Amino acid sequence: MRIATWNVNSIRTRVDRTVEFLQRESVDVLLMQEIKCKPEQFPRQPFEDAGYELAVHGLNQWNGVAIASLSPIEDVETSFPGMPGFLKGSDGPDLPLEARALGATIDGVRLWSLYVPNGRGLDDPHYAYKLDWYAALERYVREWQAAHPGEPIALGGDFNVCPTDADNGDPSMVEGVSTHLSPAERAAFQALVDAGMADVVRPLVPEGYTYWDYKQLRFPRNEGLRIDFVLGSPAFQDLVAGAAIHRDERKGVQPSDHVPVVVDLDLPVDEDDDDRPMFL
DNA sequence: ATGTCGTGAAAGTCACGA
C-alpha cells in the first residue's frame with residue numbers, strides 16, 4: 001500500500017494535478033491538507049472517476065482536510081479526542097474546532113490527515129493554540145496506542161515545525177523570532193516521537209524540503225522548509241518499505257507550495273482472506 | 001516591496017491567512 005500526504009493549498013485549484021499525481025505514482029491513499037473548501041464544494045468527480053473513495057472535512061475557506069483511498073474508508077473521525085479549538089479574541093476551553101484533523105481506518109491501518117496550526121507569531125494567541133494542539137495530539141496517540149496495542153497508526157500532514165536546523169533553508173526564518181523553530185515547538189514535535197511516533201521518511205530520505213514559499217524565488221533558490229511528515233507507531237514502522245519526497249511537484253503550472261511525501265507499506269496478507277490484514 | 005498565492009465579500013479591490 002502506498003500512502004501520501006500533501007498540503008494541496010486549495011483542492012479546487014489543483015484537483016487535476018493532484019489526481020494526475022495519484023495515478024502516475026500509483027498512490028493508494030492520499031492524506032490532504034488545506035483543501036480550503038466545504039465538503040459540498042470538494043471536486044469529487046475526478047477522484048471518483050479514478051477509483052478513489054473520499055472522506056472530506058471542511059468548514060469554510062480555511063484549513064480543511066480530506067482523505068482519498070482506493071480501499072474502503074472506515075471509522076472516520078473529524079477531530080481527535082481532546083483536540084482544542086480556536087476563536088480569535090477568545091480564550092478558554094470549548095472554543096469552536098477547526099477542520100484540521102481527519103482520521104480513518106484503511107486496510108487495518110489507522111491514519112490521520114493533520115494540519116497543525118501555523119502559530120503565526122511567538123506572541124500570537126495562535127502560537128499557544130499550536131502548542132496546546134500538539135500536547136493534545138500527544139495525549140491522543142498515547143491513549144490510542146494503549147487501547148490498541150500492536151496496531152499500526154500513522155500521522156501524516158503539515159506539522160508546521162522544522163524539527164532540526166537542517167530543516168530550515170529559508171533565510172527569512174530566524175531563530176528566536178520566527179515560529180516553526182522555537183524550542184517549545186520542537187519539544188512539542190519531539191514529544192510525539194517520544195510517544196512512539198517516529199518519522200518514517202527521514203531514515204530513507206535524509207535530505208530535502210517539503211515546502212517553499214511562493215515569495216522571493218524560494219523554490220528556484222531551494223530555500224525551503226521540511227515541515228511535512230509521516231509519523232508512525234512501532235507497528236506502522238515495521239510495515240514501511242520505502243519513502244519519497246516528490247520535489248518535482250513544486251514545479252510546473254500552479255503548484256502547491258508543498259510537495260507530496262510518500263510512504264510505501266508492505267502489508268502482510270492473510271492467506272485465507274486477502275482483504276484482511278494479518279495484524280487484525 | 002511580505003516583491004506570491006488562495007479565498008470570500010463586496011466589487012471591479014480589499015481583508016485575511018499562510
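Since this is a predicted model, take the numbers as computed values, not measurements. So that the names make sense, note that chain A is the first sequence line, chain B the second, and so on, each numbered from 1.
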Say you pick atom [atom1] in [N] and the same atom in [M]; how far apart are they, in whole Å?
{"N": "B/dA10", "M": "B/dC16", "atom1": "P", "answer": "14 Å"}
{"N": "B/dG8", "M": "B/dT2", "atom1": "P", "answer": "27 Å"}
{"N": "B/dC14", "M": "B/dG3", "atom1": "P", "answer": "14 Å"}
{"N": "B/dG17", "M": "B/dG12", "atom1": "P", "answer": "23 Å"}

Mind checking if A/Arg218 touches a base, just sugar-phosphate, or nothing, with heavy atoms under 4.0 Å? nothing

Rounded to whole angstrom units, what separation is found between the [atom1] atom of [X] and the [atom2] atom of [N]?
{"X": "A/Gln33", "N": "B/dG6", "atom1": "CD", "atom2": "C1'", "answer": "16 Å"}
{"X": "A/Gln216", "N": "B/dT4", "atom1": "CD", "atom2": "P", "answer": "9 Å"}
{"X": "A/Tyr127", "N": "B/dA18", "atom1": "OH", "atom2": "C1'", "answer": "18 Å"}
{"X": "A/Asn118", "N": "B/dC5", "atom1": "CG", "atom2": "C1'", "answer": "15 Å"}
{"X": "A/Asp257", "N": "B/dT7", "atom1": "CG", "atom2": "P", "answer": "12 Å"}
{"X": "A/Gln41", "N": "B/dG8", "atom1": "CD", "atom2": "P", "answer": "6 Å"}
{"X": "A/Phe42", "N": "B/dT7", "atom1": "CZ", "atom2": "C1'", "answer": "16 Å"}
{"X": "A/Ile35", "N": "B/dT7", "atom1": "CD1", "atom2": "P", "answer": "12 Å"}

Partner residues of A/Asp167 under the salt bridge (charged side-chain N to carboxylate O under 4.0 Å, His left out) criterion, sequence neighbours left out: A/Arg202

What pairs with A/Glu25 under salt bridge (charged side-chain N to carboxylate O under 4.0 Å, His left out), at least two apart in sequence or on another chain? A/Arg2

With side chains defined as the heavy atoms from C-beta onward, is the minimum distance between A/Val29 and A/Asp107 less than 4.5 Å? no

Report each atom pair, protein N/O against N/O of nucleotides 10-17 of chain B, whose distance is under 3.5 angstrom.
| residue | atom | partner | partner atom | Å |
| --- | --- | --- | --- | --- |
| B/dG17 | OP2 | A/Lys88 | NZ | 3.4 |

Most 5' of A/Arg14 and A/Asn7 on DNA chain B, judged by nearest nucleotide: A/Arg14

By nearest-heavy-atom nucleotide on DNA chain B, the more 5' of A/Ser10 and A/Lys215 is A/Lys215

Got more than 12 heavy atoms from elsewhere within 6.0 Å of CG, A/Asp123? no

Mark yes when over 12 heavy atoms from residues, nucleotides or ligands other than A/Glu207 sit less than 6.0 Å from its CD; otherwise mark no. no

Sorted by chain and residue number, the side chain to side chain contact (heavy atoms under 4.5 Å, CB included) partners of A/Val253 (sequence neighbours excluded) come out as none

Just jot down the side chain to side chain contact (heavy atoms under 4.5 Å, CB included) partners of A/Asn222, sequence neighbours excluded, or say none. A/Tyr209, A/Trp212, A/Arg247

Hydrophobic cluster partners of A/Leu181 (side-chain heavy atoms under 4.5 Å): A/Met173, A/Tyr211, A/Leu225, A/Ile227

Apart from A/Leu155 itself, its cluster of hydrophobic side chains linked below 4.5 Å comprises A/Phe80, A/Met83, A/Phe86, A/Leu97, A/Trp112, A/Leu114, A/Val116, A/Tyr129, A/Trp133, A/Tyr134, A/Leu137, A/Tyr140, A/Val141, A/Trp144, A/Ile153, A/Phe159, A/Val161, A/Phe189, A/Leu192, A/Val193, A/Met197, A/Phe229, A/Leu231

Does OP1 or OP2 of B/dG8 have a side-chain N or O of A/Arg12 closer than 4.0 Å? yes

Numerically ordered, the residues 169-189 of chain A set in heavy-atom contact under 4.0 Å with DNA chain B is none

Please name all residues satisfying ring pair (Phe, Tyr, Trp, His ring centres under 6.0 Å) with A/Phe47, sequence neighbours left out, ordered by chain then number. A/Phe42

